[in-house]
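Remarks on the structure that follows.
Sequence lines set the chain letters: A, B, ... in the order given, protein chains first and strands last, and positions in each chain run from 1. Note that the structure is a prediction, hence the values are computed from the model and not measured.
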Amino acid sequence: MSQAISTKPPSGMRDFLAADVVRRRHVLSVVQRVYESFGFVPLETPTIENLSTLLGKYGPEGDQLLYRILHRRDKLQRALGGESVTELDLSDEGLRYDLTVPLARVVANYRDLPAYYKRYAIQPVWRADRPAKGRFREFYQCDVDITGTKSLVADAEVCGAVALVLRELGFADFSIHVNHRELLRALVASAGIPPEQEGLALIVLDKLDKVGPDGVKKELAEKGIALAESEAMLRTLEDARQPGALERFASSDGPFAHGARELRELLAAAANGPAAAHLVFDPTLARGLSYYTGPIFEISCAGLAGSMGGGGRYDNLIGMFMKQQVPAVGFSLGLERVLLVMEERGMFGALGIGPQVLLCRFADVPPAAAIALATQLRAQGLRVEVFADAPALGKQLGYASTIGAPFAAILGTNELAAGTVGLKNLVTGEQVTIPVGEVAARVLANG
RNA sequence: GUGGCUGUAGCUCAGUUGGUUAGAGCACCAGGUUGUGGUCCUGGGGGUCGCGGGUUCAAAUCCCGUCAGCCACCCCA
């Protein structure tokens, strides 16, 4: 008995027992059905990608969060023998960080895909992040993407798909915040902030609702951005938050016009779809992933610190894998985030797992007779577990209660000879002896 | 990356100003009830008190270090 080995899964990773698996499957089945109803086709890509595929797509912080796979054997020995060994010498493969970059690689690799490729993907991704509530190192993303078109109809469709998933799962109170990378860029530029500080400025801006205008100014000052510039930015932002601002920008000639027109077009296209009631223009929304170029999205829901999903348009990403540019837009739902809120709100009903019938036998009944009976009952459509041993009947019934089986089938030599079985309802305690052929009807009637 | 909290039985936790053999509930096993469970009663097994060092006559308790987990930020899905 060596007890030195930890039995916990690695940090940020989890085991899923039966109840967890059933809940996850339930959500995933809705996701899959809704995504397919929009005409998206499935894609699965490898767990491992080449680092050349992954690096440089997510920004410097993203690169830091990649799980890298160490070279093996001779290759590792050779790498270790070199001078001033770096991470890049020790590894050339890593775990998938999201589902969008693999999609971009696939689009570039299979040139005979449809010109308008609508694919969905439901797979785990890995990030070497610090775990927190609702944040894991291994988690599932549920992505829809449309490549090959700049039409804002595509943007509206991916928003519609995720919105319908959430609605069908029973959510009513979520919102899809939308903004546009060009609006953010123009916001920063018009305030006189140099482009190299754009990223910094946007991160601080995103916190406006939490820390307030003075907090933003203070943080920006710490990052070396002048007060006058911060104030200019906040003024413009305040202006953008007024009702009708989007329309005003769209009708103007200024640097905000194009982005605002696209958002207006997106909202108009989505107006009669499932996302319509949930889309909200949010000029403070700034998403981190560096590959977004146009509209950006993020789903927020009361009671959830982070987001349930996010996405946006990335018209330059696929071009990093091939000579021509292919425009694309996508949306990603975070399975664990959805589950977290559903569990907190008690949005799951009965699970329907485990056997409906536990087949108990007395010690003088041959095992083969029990298996023969179980086979008949399974053929009638029942979920049946055969109790492997034959201890005192009380033990077998106790086990049936423990696992929550609603019925026990009791097989003794008398029943065996008569072609009957004792069927005990473990909820009511009622027990009858009936022909084997009548078991299923009785179980299903009381199930 | 920043700040805070917690590490005691398989799980959730109690353990008083440091004091003698470290407890409870749940779970597990046995018996009450030998072809009838879940409820109830009785009993039982199970602990290097995260790890290492220090203070002390004496440490689960105090101090230092270390590791792990959780929460809030940050960031994200």
Have a look at [X] and say if it touches a base, only the backbone sugar-phosphate, or nothing, with a 4.0 Å heavy-atom cut-off.
X: A:Asp364; result: nothing
X: A:Glu415; result: base
X: A:Lys424; result: base
X: A:Gly429; result: base
X: A:Gly134; result: base
X: A:Gln396; result: nothing
X: A:Leu333; result: nothing
X: A:Gly309; result: sugar-phosphate

Taking [M] as the reference, what is the distance to [N] when you measure between their [atom1] atoms (whole Å, please)?
N: B:C63; M: B:U17; atom1: P; value: 14 Å
N: B:U21; M: B:G10; atom1: P; value: 22 Å
N: B:A59; M: B:C5; atom1: P; value: 26 Å
N: B:G25; M: B:U6; atom1: P; value: 26 Å
N: B:C41; M: B:C26; atom1: P; value: 9 Å
N: B:C51; M: B:A68; atom1: P; value: 15 Å
N: B:U61; M: B:U20; atom1: C1'; value: 15 Å
N: B:C49; M: B:G4; atom1: P; value: 28 Å

Ignoring the backbone of [X], work out which of [options] is nearest its side chain.
X: A:Arg130; options: B:C70, B:A77, B:U36; answer: B:C70
X: A:Arg135; options: B:C76, B:U36, B:G35; answer: B:C76
X: A:Lys133; options: B:G35, B:G37, B:C71; answer: B:C71
X: A:Leu426; options: B:G37, B:C71, B:U36; answer: B:G37

Determine whether a donor-acceptor pair (one donor, one acceptor, N or O, separation below 3.5 Å) exists between the side chain of A:Ser401 and the base of B:G37.
yes

Salt bridge check: are A:Glu336 and A:Arg14 linked by an N-O gap of less than 4.0 Å?
yes

Whether A:Glu231 and A:Lys217 form a salt bridge (side-chain N of Lys/Arg under 4.0 Å from carboxylate O of Asp/Glu) is what I want to check.
yes

If you measure only the distance, is there a donor-acceptor pair under 3.5 Å linking the side chains of [X] and [Y]?
X: A:Glu385; Y: A:Tyr399; value: yes
X: A:Tyr291; Y: A:Asp315; value: no
X: A:Asp89; Y: A:Thr86; value: yes
X: A:Asp143; Y: A:Tyr35; value: no

Rounded to whole angstrom units, what separation is found between the [atom1] atom of [X] and the [atom2] atom of [N]?
X: A:Asp143; N: B:C76; atom1: CG; atom2: P; answer: 16 Å
X: A:Asp63; N: B:C76; atom1: CG; atom2: P; answer: 14 Å
X: A:Leu397; N: B:U34; atom1: CG; atom2: C1'; answer: 15 Å
X: A:Phe136; N: B:G69; atom1: CZ; atom2: P; answer: 14 Å
X: A:Arg137; N: B:A77; atom1: CZ; atom2: C1'; answer: 16 Å
X: A:Leu393; N: B:U36; atom1: CG; atom2: P; answer: 7 Å
X: A:Ile122; N: B:A77; atom1: CD1; atom2: C1'; answer: 14 Å
X: A:Leu304; N: B:A77; atom1: CG; atom2: P; answer: 13 Å

Partner nucleotide, any strand, of [N] [Watson-Crick/G-U, under 3.5 Å]:
N: B:U61; answer: none
N: B:U39; answer: none
N: B:U55; answer: none
N: B:C70; answer: B:G4
N: B:A27; answer: none
N: B:U34; answer: none
N: B:A14; answer: none

Does atom CZ of A:Arg345 have more than 12 heavy-atom neighbours from other groups under 6.0 Å away?
yes

Counting only heavy atoms from other residues, nucleotides and ligands, does the tally under 6.0 Å from CD of A:Gln431 exceed 12?
yes

Along RNA chain B (nearest heavy atom to each residue), the more 5'-positioned of A:Glu138 and A:Lys8:
A:Lys8

Taking the nucleotide of RNA chain B with the closest heavy atom to each, which residue, A:Thr402 or A:Val427, is nearer the 5' end?
A:Thr402

Check for me: is A:Tyr399 stacked on B:G37 by the 5.5 Å centroid and 30° plane-angle rule?
no

How many angstroms lie between atom CE of A:Met233 and atom CG of A:Leu187, to the nearest 0.5 angstrom?
6.0 Å

A:Ser11 side-chain N/O to B:A68 phosphate OP1/OP2 under 4.0 Å:
no

Does B:C29 have its OP1 or OP2 closer than 4.0 Å to a side-chain nitrogen or oxygen of A:Lys395?
no

